[in-house]
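Structure record follows, encoded as structure tokens.
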Amino acid sequence: IYLMALARSAVQTEKSFVDSTRLKHQATRLADSLRLSHAQTLAVAEEMSSLARHDSLTSLLNRAGFVQELERCAGRAEHSFCVMMLDLDGFKSINDAFGHTVGDGILIETARRITPEFPAGSAVARLGGDEFAVVFDPKDAQASPTAIAEKLIAAIGAPVGPFRGGRLGVSVGIYVGPVPSVADVLV
């Protein structure tokens, strides 16, 4: 009887050990799966946040991203900032005459040309259509806002790709001072 009880106890112990090991491995696989799922969810959320703040054509900030940057700057009231609003002159007629593909190419090229003119850390945005905006700390700039605007006018006025026969112009509005309310800037 003792030997049978001992054998039965050994079988039950082994069965419990096997079940315990199986459950432990399942829990480990589940935890690994949850970690992977969490990492993927965070990556998707970050990508969605980036897409919500950036223009899909130019990869610059969009209006929502620019508003966030202006609000961040407005929160630092002790600083003076420069806000530039740029509007391409004659873009609609170019877009209508040459098509949206050429128009998109001009917008991409404009974004490529204006971005290097500003100091690192500047928020450069395409607000929509042919409107661009920039906010930066003028203390970080190598040149005055007026000199930067003149460089932008020259850079944007240079011939662009298939549209080499004509010239594109730009109107630039400049504000230097503390960042007022975001609504005042975008009006």
_Side chain to side chain, F132 and V170, heavy atoms closer than 4.5 Å_ = no
*Say you draw a straight line from CZ of R63 to CG of L70; how long is it, rounded to the nearest 0.5 Å?*
10.5 Å
*asked:* Would you say M84 ends up clustered with I114 if hydrophobic residues are merged whenever their side chains have heavy atoms under 4.5 Å apart, either directly or through other cluster members?
replied: yes
*Which heavy atom in D137 sits nearest to a heavy atom in S80, and how many Å separate them?*
OD1-O, 3.7 Å
*asked:* Could you measure the distance from the CD1 atom of I106 to the CG atom of L168? Nearest 0.5 Å is fine.
replied: 6.0 Å
*Point-to-point distance, once rounded to the nearest 0.5 Å, from CG of D55 to CD1 of I108*: 9.0 Å
*asked:* Please check if the number of heavy atoms outside Q12 that lie under 6.0 Å from its CD is greater than 12.
replied: yes
*Mind checking whether L57 and L61 sit in one hydrophobic cluster, side chains of I, L, V, M, F, W, Y counted as touching below 4.5 Å?*
no
*Counting distance only, does the side-chain N/O of S49 pair as donor-acceptor with the main-chain N or O of A45 below 3.5 Å?*
no
*State, yes or no, whether a side-chain contact exists between K92 and D96 at a heavy-atom distance under 4.5 Å.*
yes
*Linked, directly or transitively: F136 and L152 (ILVMFWY side chains, under 4.5 Å)*: yes
*Without swapping roles, check the side chain of S122 against the backbone of P119 for a donor-acceptor pair under 3.5 Å.*
yes
*Indicate yes or no for a side-chain donor-acceptor contact from R126 to the backbone of L107 under 3.5 Å, with no hydrogens or angles considered.*
no
*So D87 and S171, side chain to side chain donor-acceptor pair (under 3.5 Å) or not? Walk me through it.*
CA-CA 5 Å; D87 186 24; S171 299; 5.6 Å; no
*Separation of F81 CZ from K139 NZ (nearest 0.5 Å)*: 8.0 Å
*Apply side-chain contact (heavy atoms from CB on, under 4.5 Å) to E117 and V134, showing your working.*
CA-CA 11 Å; E117 298 299 332; V134 184; over 6 Å; no
_Can you tell me how far apart CD (E131) and CZ (F91) are? Round to the nearest 0.5 Å._
11.5 Å
*Thinking salt bridges, do R29 and D32 make one under a 4.0 Å N-O criterion?*
no
*Specify the closest pair of heavy atoms between A155 and R113, including all atoms of both residues, with the distance to one decimal.*
O-NH1, 2.7 Å
*Where do I174 and C82 come nearest, in terms of heavy atoms and distance?*
CG2-SG, 4.0 Å
*Which atom names give the shortest non-hydrogen contact between M85 and A133, and what distance separates them?*
SD-CB, 3.6 Å
*asked:* Could you check whether any side-chain N or O of N62 sits under 3.5 Å from a backbone N or O of G128, counting only pairs where one atom can act as donor and the other as acceptor?
replied: no
*Is I148 linked to L86 within one hydrophobic cluster, defined over Ile, Leu, Val, Met, Phe, Trp and Tyr using a side-chain heavy-atom separation of less than 4.5 Å?*
yes
_Please check this pair: side chain of T41 against backbone of S37, looking for a donor-acceptor N/O pair closer than 3.5 Å._
yes
*With rounding to the nearest 0.5 Å, note down the distance linking CG in L60 to OG1 in T115.*
5.0 Å
*Has Q26 got more than 12 heavy atoms of other residues, nucleotides or ligands less than 6.0 Å from its CD?*
yes
*Please step through side-chain contact (heavy atoms from CB on, under 4.5 Å) for the pair R22 and H25, ending with a clear verdict.*
CA-CA 5 Å; R22 182 181 49 80; H25 287 301; 6.0 Å; no
